[in-house]
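A quick write-up on the structure given underneath.
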Amino acid sequence: MRIGMPHMGNLHITLKTLFERLGVDYVIPPSNSQRTLSLGAKYSPEGLCIPFKLTLGNLIECAAMGADTLLMPGGNGICRLGYYAKVQQQVLREIGYNAEIVELGVSERKLIGFMQMIKRLSNDASWYRLITSFRFALAKLHALDAIERSVQKVRPAEQVKGAAQELYTSAIEAIDGANDYASLKKIKKSYLAQLDAVPRQSRANPLKVRVIGEFYVVLEPFSNLDVEVELGKLGVEVRRTTFISEWTKFSLFLNPLGINEKERYQRAAMPYLKHDVGGEGWESVGEKVLHAGEDYDGIIHLAPFTCMPEIVAQNIMPTTQEDIPVLTILCDEQMGKAGMLTRLEAFVDLLERRRRARLACNNVRRAYGSLLRD
Amino acid sequence: MKIGIPRALLYYQYYPMWKHFFEELGAEVVVSPHTTRVILSSGISRVVADTCLPAKAYMGHVMSLVGKCDCVFIPAIRSLKAKVFNCSKFLGLPDMTRAVVPECPPILSIDVDMNKGEKELWREIDRLGRHFTRNHSKVRQAAMSAWQKHLEYCRLMVEEGLTPPQALERMFGLEAEPEGKGASKEKALPTADASGQAHIAVIGHPYILYDHHVSHRLINWLQQHNIRVHTPEMLAAEAIDSGIGRLVGQSYWTYEYEVVGAGGHYLEHDVDGVIGLVAFGCGPDSLMMDMVRRHSALPGAAAFMNLTLEEHTAEAGIVTRLEAFVDMVRRKKRRKETCA
Ligand code: SF4
Ligand code: SF4
């Protein structure tokens, strides 16, 4: 048996570790590229969202590399995602592959279900071996995400554009190669220090935007045309909530205890949207409401083209009382980089102007205040 | 109290039930007019472009009710069967409407989620009824008799082969149509099979099939061209279930029955051809209709055509495709008959 799984961000590094430690035969498809997208789009029905197309491209490539068991997230009540596997299986059959798609019920049993599945696939490895391998894989995931967070901070301020990104790429490689906790820790520490040492511009307070939206397009840089890197080049600092390590932390340890990471956003969305609408639609509305009151200059809202939950969110978001500029980017194979860059630049301009206006306003208020006091 | 019901989306499936419920509780019910170009384009002007066509039409209908009623009934129907869900737009319908039609009269809503069990449903019904009366048992009675009305409506369609508009006409008499293109004079479908008559099934969401403006009266056109039309509502539950079982195993969406279930059944039984009607921008359909299309490639399946309806779809274009399809179906049928 040979396992294959679609890409999402750096997830494959974690899975690779897990599979290797458990002695499971696996393939990692080539990273997402135009080729993957065209391949997926070619066999996709009309009107589907980009996660479907890219994952289909990955699965076809896995099958071509000899994988016979393909893992796909699935499950009930999570929008079209739960239906992907049924159609993708048909597509694979039609192209002539015999690979079997196994659905991971991420919505109901979350990681526990995933572990049980891995146990089965690894020829019933002992729980001890499973859990130790899993822990190490998770440690890599956390290291990757910690470094990414630091990269997000350095990008907008670096003197030489691209320095942080370069470090990030080599950090990913190093972490991929780490074989034990000690070297992993050393790698993490060394890269965090190097990132810290990247020469920065003196401008103290870069614009700050929050990236929100549908899980997959937020986490898979290829699908959003590297929007975070581009924002960094424009000198904008990016923050986001969605990290894979966050998701595993909650679904593995905290959700069973009844702690829900999304509740904060859901509560904030309540006055405008009372229901979960699948995907991240509810949270998108909530994040807009919350971050409008925080120290952000704007919001980048990433949504796959034709994504149903995000369409509901898009219809509701402009009407909330809490106001903050939002730029919605629809991710699709039609989206061109040049077009996106123009829109990003215009948006950043707008944010700059707003901030200047706000500062001027504050200065006047301060001057006025001291006048009154005198 | 006057309650407005938009003639869109779930209207086609539940109107008799809703009407009866509200009237039992002493309210008056008004329905928005049939979809027109004006209604559709006013809806389109309010929502983001990639919203699906039926949701756009829905907003237009709500707008046309402004000033004509005291409140509008917009249910949030999440799930009608455990683990089978509706699409995002149904889940967020009241909230989305409030956001894009701010001038909308107060919204009466009910959350239907069968995952939470029957008890919760009753609690929701009580909550809805409290707007009219404090008398619990009166609300329950109204709900029970409304349910009977719904069953009667379904029976008309399954046993007598009526389409929803015909069944509504039978139950409530004629509702005047603004354009009066003679559509309301549809006769009940002849049950006897005039020999040689081709049978075609039209599958898709009821709010696409029976909205004359959105579907360009496709069903009427077929009937006028001497085609015996079959629709998903005419199938009994067992036929639908076995259709779903064959194509996808288990249903995932509520709409599975009108698309996959009906598709699975008709591709193999009763008819010579199947037309799948899809609205532009429909998320579930992009996957479900694709399953039906793939199944139609199997040997022995009826001919299949997929028609996507957009706001700019011209009637002429549809007619051309229909003519070609009907010709093909008739030719195939003749060939089969001569072979036999
Ligand atoms: S949430 Fe959006 S992108 Fe994800 S499956 Fe649903 S429609 Fe597609
Ligand atoms: S099922 Fe399709 S057509 Fe109906 S509301 Fe949802 S997306 Fe729109």
Side-chain angles (χ1 to χ4, degrees), chain A residues 43-49 52-53 74-91 93-94 103 105 107-108 269-282 285 301 303-320 328 330 332, chain B residues 46-52 55-56 59 76-79 82-102 109 111-113 115 247-253 256 260 278-295 297 306 308:
Chain A
Y43 294 107
S44 289
E46 228 178 290
L48 268 168
C49 34
F52 180 93
K53 297 175 187 166
N76 270 310
I78 41 172
C79 192
R80 283 193 274 190
L81 182 61
Y83 210 89
Y84 278 13
K86 288 181 188 171
V87 177
Q88 288 174 333
Q89 181 75 71
Q90 296 266 341
V91 174
R93 291 255 161 76
E94 258 161 52
E103 277 185 72
S107 64
E108 302 118 51
M270 271 312 201
Y272 308 105
L273 181 58
K274 281 192 216 38
H275 304 269
D276 179 7
V277 292
E280 274 70 47
W282 203 11
V285 174
H301 175 216
F305 181 57
T306 75
C307 171
M308 311 186 286
E310 299 301 334
I311 286 174
V312 174
Q314 273 181 70
N315 276 319
I316 292 178
M317 275 157 71
T319 63
T320 65
T328 299
L330 297 175
D332 184 50
Chain B
R46 296 294 179 93
V47 293
V48 297
D50 46 343
T51 309
C52 65
K56 288 173 171 166
M59 297 307 157
I77 300 202
R78 204 176 151 68
S79 161
K83 297 218 166 166
V84 180
F85 289 89
N86 268 351
C87 95
S88 312
K89 281 150 215 169
F90 279 105
L91 310 187
L93 200 56
D95 295 309
M96 198 161 112
T97 310
R98 196 173 314 116
V100 303
V101 191
S109 190
D111 287 1
V112 179
D113 185 350
N115 287 300
L247 260 60
V248 296
Q250 215 184 55
S251 49
Y252 178 77
W253 275 306
E256 209 107 28
V260 176
V278 173
F280 177 75
C282 175
D285 274 2
S286 60
L287 289 164
M288 292 190 300
M289 218 35 118
D290 191 64
M291 290 301 260
V292 177
R293 187 186 58 78
R294 281 173 205 281
H295 201 77
N306 193 354
T308 303

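Throughout, protein chains are lettered first and strands after them, A, B, ... in sequence-line order, and every chain is numbered starting at 1.
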Next on the checklist: Please classify the contact of B:Met288 with chain A as side chain, backbone, both or neither, using a heavy-atom distance under 4.5 Å.
Outcome noted: both

Item to check | Residue A:Gln89 versus chain B: region with a heavy atom under 4.5 Å | outcome: neither

Next on the checklist: Which atoms of B:Met96 are under 4.5 Å from chain A, going by heavy atoms: the side chain, the backbone, both sets, or neither?
Outcome noted: both

Checklist outcome for this item: Note: vs chain B, highest number of non-hydrogen pairs under 4.5 angstrom among A:Ile311, A:Asn315, A:Val277 is A:Asn315

Item to check | Aromatic ring pairing B:Trp253/A:Tyr83, orientation class (parallel under 30°, perpendicular over 60°, tilted between) | outcome: parallel

Next on the checklist: Are the side chains of A:Trp282 and A:Met270 in contact, using a 4.5 Å heavy-atom criterion?
Outcome noted: yes

Next on the checklist: Is A:Val285 close to chain B through its backbone or its side chain, or both, or neither, when contacts mean heavy atoms under 4.5 Å?
Outcome noted: neither

Item to check | Over 12 non-hydrogen atoms of neighbours within 6.0 angstrom of CD in A:Glu94 | outcome: yes

Checklist entry - Given the rule in the side chain to side chain donor-acceptor pair (under 3.5 Å) test, do A:His301 and A:Gln314 qualify, once you have shown the distances and angles that lead to the verdict? => result CA-CA 9 Å; A:His301 175 216; A:Gln314 273 181 70; 5.5 Å; no

Checklist outcome for this item: Looking only at A:Gly47, A:Pro45, A:Ser44, A:Cys49, most heavy-atom pairs under 4.5 Å shared with chain B are made by A:Pro45

Item to check | Under 3.5 Å side-chain donor-acceptor pair for B:Ser109 and B:Arg98 | outcome: no

